[in-house]
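In this text the structure is predicted, and so the values were computed from the model without any measurement.
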Amino acid sequence: MLDELRRIPIADYDYPLPDERIARYPLERRDQSKLLCLNRNTISEHHFFDLPSLLPGGTMLVFNDTKVIHARLLFRKETGAVIEVFCLEPYRMAVSQAFEQRERCSWMCFIGNNKKWKEGVMSGEWCVGSESFRLTATRREAVGNAWIVDFEWTGGKSFAEVIENAGVIPLPPYLGREAEENDAERYQTVYAHYEGSVAAPTAGLHFTPEVFDALKQKGIATEYLTLHVGAGTFKPVSSDTIGEHDMHVEKVFVTADNLRHMISHGEPRIAVGTTSVRTMESLYWFGVQLRHNPDLETMHVGQWDPYVLDTCGMDCAASYGEVMRWMEHRGIDHMEGETQLMIAPGYRYHTINGLVTNFHQPKSTLLLLVSALIGDRWRECYRYALDHDFRFLSYGDSCLFLV
């Protein structure tokens, strides 16, 4: 199966996306966006505020409560050249720990205009209210296409405060514009909590307090997991086949209560966004790994693990139970892990009965994930959306897929 999957041509997951169909800006009201619903074989058109009425009774919605950080730091040299330091993830430190640092920390970063940064340190001064602080960046060695950068700053503030005030919100490159003041609020879900992402879990951008109230009135349960979205989510598949594409690694944070709640609720579970799906499915495969090797020290789900591991016949509850026992044995109530999971056509889902998601880029791993859920019906859905004035990508409209 794996050999066949790796030979899938990415050209099979292309479609024409006119530039004018990319939503450059969000709507004024989040829940006024359009919602395409695919209920088995039937397509219907709605607004996002209709979501509660479209969900099966007893559904649990599972969200990703990651928070987008102001990851783009812009330093200006005396020559006038601007060096962009794009913070990807902490270097050899947990995300939560890195944001608590008070004087210095190191991050893996992309560097824009790197050729102009010949040597020495970059520095700048910013203000927080009436107080100012100076931030310096020292470039170390390259690791792949990124660099290790050491940050130091004055003022006794946490790095979370530093980057919030010195950095710029990292809009997706396909929007083709600089971030504006409104983006700091609109490119963030209303339930964002744990800082660490460089991209928003965009399916969640449509939710409002009013939609949550309607969900509660209908008895829809909610659960919140955390996957910090990396810049690799925008990385197009440039190879001819998906087997030549390396998936990016992303950080997962989950508590024992998360697992306990999902086990006790049972089905139907519907994920809000592809990052929620990858978190839920990655936790399933970690449980499978533990069934084979209970002595694992950390969670790491590889790109192709699902296609070679024996599930031992475990369903979602059994697998999540393995993860809970692993946590209990170690006396911990939460865990941080990593996933590199690729979900592609031929993949069998173990944790969800549906998905809320946006319309994705052509030839992207996110489109592969959708195809794995609904098969070739993705073409019909995307054709319908193009023919009926739906808006595409991060600030665009959304879909509800019920399977």
Side-chain angles (χ1 to χ4, degrees), residues 26 65-77 80-91 93-114 116-117 121-140 145-189 192-202 205 226 228-234 248 250-251 394-395:
D65 61 4
T66 187
K67 188 173 184 179
V68 182
I69 62 173
H70 290 207
R72 296 179 62 222
L73 295 165
L74 304 175
F75 295 91
R76 186 174 297 276
K77 298 184 65 176
V82 175
I83 308 296
E84 176 181 320
V85 180
F86 190 112
C87 296
L88 296 171
E89 63 180 55
Y91 179 65
M93 185 178 290
V95 174
S96 57
Q97 187 181 358
F99 283 119
E100 293 171 355
Q101 299 305 299
R102 293 281 167 180
E103 295 180 348
R104 61 180 62 86
C105 62
S106 300
W107 282 64
M108 296 298 302
C109 302
F110 289 150
I111 298 178
N113 214 5
N114 184 49
K116 295 291 181 71
W117 190 353
V121 301
M122 301 301 302
S123 66
E125 192 165 303
W126 287 269
C127 291
V128 182
S130 60
E131 300 180 359
S132 64
F133 66 90
R134 175 162 290 275
L135 174 66
T136 63
T138 304
R139 183 186 57 190
R140 287 165 56 186
N145 61 345
W147 295 77
I148 302 170
V149 176
D150 297 328
F151 295 108
E152 294 187 17
W153 60 94
T154 61
K157 303 185 183 307
S158 68
F159 190 68
E161 294 174 290
V162 167
I163 200 169
E164 177 76 14
N165 289 279
V168 178
I169 203 80
L171 288 185
Y174 50 63
L175 292 187
R177 66 175 178 86
E178 290 295 314
E180 299 174 12
E181 184 176 352
N182 186 46
D183 292 307
E185 182 261 333
R186 286 298 276 109
Y187 194 63
Q188 200 81 266
T189 65
H193 185 68
Y194 294 103
E195 294 178 310
S197 280
V198 300
T202 54
L205 295 179
T226 308
H228 293 310
V229 189
T233 192
F234 300 122
H248 50 289
E250 291 174 315
K251 306 292 185 181
S394 295
Y395 274 147

Check your understanding: Of the options K77, K116, R72, R76, which is the one that meets E84 in a salt bridge (Lys or Arg N to Asp or Glu O under 4.0 Å)?
Key -> R72
Review point. Which value, rounded to the nearest 0.5 Å, describes the distance between E152 atom CD and L135 atom CG?
Key: 9.5 Å
**Study point:** Side-chain donor or acceptor of T138 paired with backbone N/O of V121 under 3.5 Å
**Key:** no
Check your understanding: Which value, rounded to the nearest 0.5 Å, describes the distance between Y395 atom OH and L175 atom CG?
Key -> 7.0 Å
Check your understanding: Below 6.0 angstrom between ring centroids: does that apply to W107 and F159?
Key -> yes
Exercise for review: Give the C-alpha distance, both sets of side-chain angles, the deciding distance and a yes or no for side chain to side chain contact (heavy atoms under 4.5 Å, CB included) between R139 and N114.
Suggested key: CA-CA 10 Å; R139 183 186 57 190; N114 184 49; 2.7 Å; yes
Check your understanding: CD/E89 to SG/C109 distance, rounded to the nearest 0.5 angstrom?
Key -> 10.0 Å
Review point. Would you say the side-chain atoms of Y174 and S394 include a donor-acceptor pair closer than 3.5 Å?
Key: yes
Review point. R140 and W147: which non-hydrogen atoms are nearest, and at how many Å?
Key: O-CE3, 3.0 Å
Point to revise | Over 12 non-hydrogen atoms of neighbours within 6.0 angstrom of CD in E125 | key: yes
Check your understanding: Checking D65 side chain against H193 main chain: does a donor-acceptor pair fall under 3.5 Å?
Key -> no
**Study point:** F151 and L73: CA distance, side-chain angles, deciding distance, side chain to side chain contact (heavy atoms under 4.5 Å, CB included) verdict
**Key:** CA-CA 11 Å; F151 295 108; L73 295 165; 3.7 Å; yes
Exercise for review: Give a yes or no on whether a salt bridge exists between E180 and R186, defined as a side-chain N under 4.0 angstrom from a carboxylate O.
Suggested key: no
**Study point:** Residues which pass ring pair (Phe, Tyr, Trp, His ring centres under 6.0 Å) with F133, listed by chain and number, not counting sequence neighbours
**Key:** none
Review point. Would a 4.5 Å heavy-atom cut-off, applied to side chains only, mark Y187 and T202 as touching?
Key: yes
Revision key, fill the gap. Heavy atoms of V229 and A199 approach each other most closely as CB-O, 3.4 Å
Practice item. State the CD-SG distance between E100 and C105, to the nearest 0.5 angstrom. Key: 11.5 Å
Review point. Can you find a heavy atom in the side chain of C87 that is under 4.5 Å from one in the side chain of I163?
Key: yes
**Study point:** Result of checking V68, I69, V95, L88 against H228 for side chain to side chain contact (heavy atoms under 4.5 Å, CB included)
**Key:** V95
Practice item. Tell me, with the steps shown, if W117 and V85 meet side chain to side chain contact (heavy atoms under 4.5 Å, CB included). Key: CA-CA 11 Å; W117 190 353; V85 180; 4.0 Å; yes
**Study point:** Closest non-hydrogen atom pair, R102 against W153
**Key:** O-NE1, 3.0 Å
Review point. Atom NZ in K67, atom CD in E195: separation rounded to 0.5 Å?
Key: 5.0 Å
